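Some notes on the structure that comes next.
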Amino acid sequence: MIKVLLIYFSATGITRYFASLIQERMEVNGYQVDLLNLEELTDLTVLWQKKPVALPYTIRAEIKRPLSKYPWPYLTLQEALNTVNESSVLKKLEDEWADYDLVGFGSPVYGFRPAPVMIRFLLDLPKFKNSKKVFSFATHDGAQGDFENFARQVLTGKGFEYVGHLDQSFVYSASTIMMKKFDLLSAGRLLVRKSALARQRINFFIKYLDNILMDVPDAYRITNPLSIVFGLPYRFLYSFGIDILLNHFLFGFGIHKEKCIQCMTCVMQCPQGLIELDEDSYPIRLYHCMYCLRCLNWCPTDALYFSRLTDGKARFPGPEVLLEAANQDDMASRLKTF
Ligand SMILES: Cc1cc2nc3c(=O)[nH]c(=O)nc-3n(C[C@H](O)[C@H](O)[C@H](O)COP(=O)(O)O)c2cc1C
Ligand code: SF4
Ligand code: SF4
């Protein structure tokens, strides 16, 4: 039986959900699949605070104005790639993963690349003595840009045998925080529709994996030629848009103290451990972050905001809540074709 390990980082739950769909389809096809949340595998706070990697738009914003209590000496991606430093803590993984025929690394797309904590983790992985087959998977809002290329480069650089990439856009969880309200039922229906699409794509990918894992020579890749033709102008426009949006409207970390109930949810949820309490026991962000939006989305009283654009706006409650709303709904049930 083919054994697969799926390791993922997920800030607001979509990539976790995608990983569980991949697991479900693979198990139907006779694979044995384990899921592993990156946050359970390694202490991201330590990983991040020792060697933070920032994406270009974060660096530009940090240079323009101090966004954190202690602005930080962070590494650009290129610097990080040039100074790859294996972590001794992760060395044990070579033995722990020895039984797996295939390992998948999954992350949301941030700025056309994997989320910075996933990048940092990949860079810190030890070089395994025996080559292992790996693939990447991603969730995004429609523009994954360099994700696949980047993952391929890092993973092959680490000596892995990179066999492919799988991605899916689900609901626009990142832009929810700019909407006046977020309609759970329509979003739930969309998630159900996208899940059916995702299952089809995963099935297709599994056929491809079957060929690879059983050494069938005429294995095919999933590449849509249209994405090459239309991808470039779209990426350019999108990158321009996302840079302006994040730099001018989204960056910051603000709190309405009168709304804050000092529950510590934001402190505990930040994957990079960047939020602490100030002398009055209100949360404060210490260093620059990757803007994963988890603190913002998970705050139970909407006390946090990142700019006026997000203030008093909707929050993304996670895929489970949307699926629950869709479960009460006949139309969505009819769409569940698998
Ligand atoms: C800081 C940030 C940057 C993002 N950049 C992109 C991007 O470049 N392209 C894109 O399609 N989606 C982008 N997104 C959207 C996420 O990739 C998408 O919402 C993802 O499914 C979230 O996954 P998660 O719930 O597992 O965290 C971005 C989201 C955030 C928070
Ligand atoms: S401070 Fe908030 S947005 Fe930044 S990394 Fe932490 S949880 Fe994510
Ligand atoms: S999650 Fe919200 S209410 Fe709780 S401590 Fe943080 S800002 Fe305050």
Side-chain angles (χ1 to χ4, degrees), residues 8-20 37-38 44-45 48 52 54-58 61 67-68 106-118 137-147 167-177 191 194 198 234-235 238-243 245-247 250-278 280-306 310 315-320 322:
Y8 63 88
F9 168 71
S10 180
T12 56
I14 297 284
T15 312
R16 176 175 18 88
Y17 174 65
F18 190 38
S20 71
N37 183 343
L38 190 58
L44 294 188
T45 304
W48 186 258
L55 293 171
Y57 55 75
T58 315
L67 297 167
S68 315
S107 156
V109 174
Y110 286 175
F112 311 105
R113 297 197 177 91
V117 280
M118 180 51 92
F137 59 98
T139 67
H140 52 83
D141 285 355
Q144 61 172 327
D146 287 329
F147 190 106
D167 72 282
Q168 181 67 43
S169 74
F170 285 95
V171 282
Y172 301 110
S173 54
S175 49
T176 305
I177 51 158
L191 185 58
K194 293 283 190 151
Y234 182 58
R235 260 173 64 191
Y238 195 90
S239 89
F240 193 62
I242 211 166
D243 201 3
L245 188 75
L246 290 169
N247 254 310
L250 269 181
F251 278 124
F253 182 91
I255 175 162
H256 291 298
K257 290 192 173 170
E258 74 287 358
K259 281 192 187 172
C260 175
I261 53 170
Q262 300 175 318
C263 65
M264 303 272 289
T265 303
C266 54
V267 177
M268 289 180 298
Q269 285 294 342
C270 175
Q272 298 168 330
L274 301 178
I275 309 179
E276 284 191 2
L277 298 182
D278 68 11
D280 300 321
S281 300
Y282 289 107
I284 184 165
R285 198 189 63 167
L286 291 181
Y287 302 106
H288 84 79
C289 74
M290 59 175 174
Y291 293 89
C292 75
L293 308 178
R294 197 192 280 175
C295 56
L296 194 78
N297 280 313
W298 274 207
C299 170
T301 61
D302 295 350
L304 290 178
Y305 60 91
F306 276 7
T310 68
R315 299 290 184 253
F316 179 65
E320 287 76 16
L322 304 190

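Predicted model, so just to flag it, every value in this text is computed and none were measured. Whatever order the structure lists them in is the order used to number ligands and atoms, beginning at 1.
Listed by number with element, the atoms of ligand 1 under 4.0 angstrom from any heavy atom of T12 are 24 (P), 25 (O), 27 (O). Numbered from 1 in the order shown, with element, the atoms of ligand 2 that lie under 4.0 Å from a heavy atom of F306 read 3 (S). Listed by number with element, the atoms of ligand 2 under 4.0 Å from a non-hydrogen atom of P271 are 7 (S). For ligand 1, the atoms lying closer than 4.0 Å to a non-hydrogen atom of G142 are 11 (O). Under a 4.0 Å criterion applied to the non-hydrogen atoms of A11, ligand 1 contributes the atoms 24 (P), 26 (O), 27 (O). The distance from ligand 1 to the heavy atoms of L293 drops below 4.0 Å at these ligand atoms: 31 (C). Of all the atoms in ligand 3, the ones that sit under 4.0 Å from a non-hydrogen atom of P300 are 1 (S).
Shown here are the protein N/O/S atoms lying under 2.8 Å from atom 4 (Fe) of ligand 2, water excluded: C289 SG.
When all heavy atoms of D141 and A174 are compared, the closest pair comes out as OD2-CB, 3.4 Å. Looking at every heavy atom in both residues, T12 comes nearest to P319 through O-CD, 3.7 Å. W298 and T265 make their closest contact through O-CG2, 3.7 Å (heavy atoms, listed as atom of the first residue, atom of the second, distance). For the pair Y110 and C292, the tightest heavy-atom approach, listed with the atom from each and the gap, is OH-CB, 3.2 Å.
Checked by distance only, ligand 1 and Y291 stay at 3.5 Å or farther apart across all their nitrogen or oxygen atoms. Here's the thing with G13: one of its N/O atoms is less than 3.5 angstrom from an N/O atom of ligand 1. Checked against a 3.5 angstrom limit, the closest N/O atoms of F9 and ligand 1 fall outside it. Between Y57 and ligand 1, no N or O atom pair is found at a separation short of 3.5 Å. Considering backbone and side-chain N/O atoms, S10 comes within less than 3.5 Å of an N/O atom of ligand 1.
Put simply, part of G111 is less than 4.0 Å from ligand 1, judged by heavy atoms. Residue-ligand proximity: M290 is placed with a non-hydrogen atom under 4.0 Å from ligand 1.
For the atom pair T139 OG1 and Q168 CD, the distance stands at 9.5 Å (nearest 0.5 Å).
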Begin from the C-alpha positions of F112 and Q144 and carry the test side-chain contact (heavy atoms from CB on, under 4.5 Å) through to its verdict. CA-CA 5 Å; F112 311 105; Q144 61 172 327; over 6 Å; no
Please determine whether side-chain contact (heavy atoms from CB on, under 4.5 Å) holds for the pair F253 and L296, giving the CA-CA distance in whole Å, both sets of side-chain angles, and the decisive distance to 0.1 Å. CA-CA 9 Å; F253 182 91; L296 194 78; over 6 Å; no
One pair to check against side-chain contact (heavy atoms from CB on, under 4.5 Å): L38 and M118. What are the steps and the verdict? CA-CA 8 Å; L38 190 58; M118 180 51 92; 4.3 Å; yes
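With distances taken over non-hydrogen atoms, the option nearest atom 4 (C) of ligand 1 out of I177, T139, I14, V109 is V109. Of the candidates A138, A19, G145, S173, S173 brings a heavy atom nearest to atom 19 (O) of ligand 1.
H288 and W48 have perpendicular rings, their planes meeting at more than 60° on a 0 to 90° scale where under 30° would count as parallel. Using cut-offs of 30° and 60° on the angle between ring planes, the pair F306 and Y291 is perpendicular.
A heavy-atom distance below 4.5 Å is not found between the side chains of I177 and F316. Taking 4.5 Å as the limit, every side-chain heavy atom of P114 sits out of range of all side-chain heavy atoms of V109. In this structure, the side chains of P56 and R113 come closer than 4.5 Å at one or more pairs of heavy atoms. Within the 4.5 Å cutoff, side-chain heavy atoms of R315 are placed close to those of D302.
For atom 8 (Fe) of ligand 3, protein N, O or S atoms under 2.8 Å: 1 in total.
Side chain of T176 to main chain of Y172: a donor-acceptor pair is present (N/O by atom type, distance under 3.5 Å, no hydrogens or angles). Side-chain atoms of Q262 come within 3.5 Å of backbone atoms of S281 as a donor-acceptor pair (strictly under, hydrogens ignored).
At the top of the distance list for atom 2 (C) of ligand 1, counting protein heavy atoms only, stands Y110 CD2, 3.5 Å. Looking only at protein heavy atoms, the nearest one to atom 22 (C) of ligand 1 is P108 CB, 3.7 Å. At the top of the distance list for atom 10 (C) of ligand 1, counting protein heavy atoms only, stands A143 O, 3.3 Å. Atom 18 (C) of ligand 1 has its closest protein heavy atom at D141 OD1, 3.5 Å.
Aromatic ring centroids of F147 and H140 lie 6.0 Å or more apart.
With P283 as the partner, the side-chain contact (heavy atoms from CB on, under 4.5 Å) test is satisfied by one option alone out of C295, C266, C270, C299: C266.
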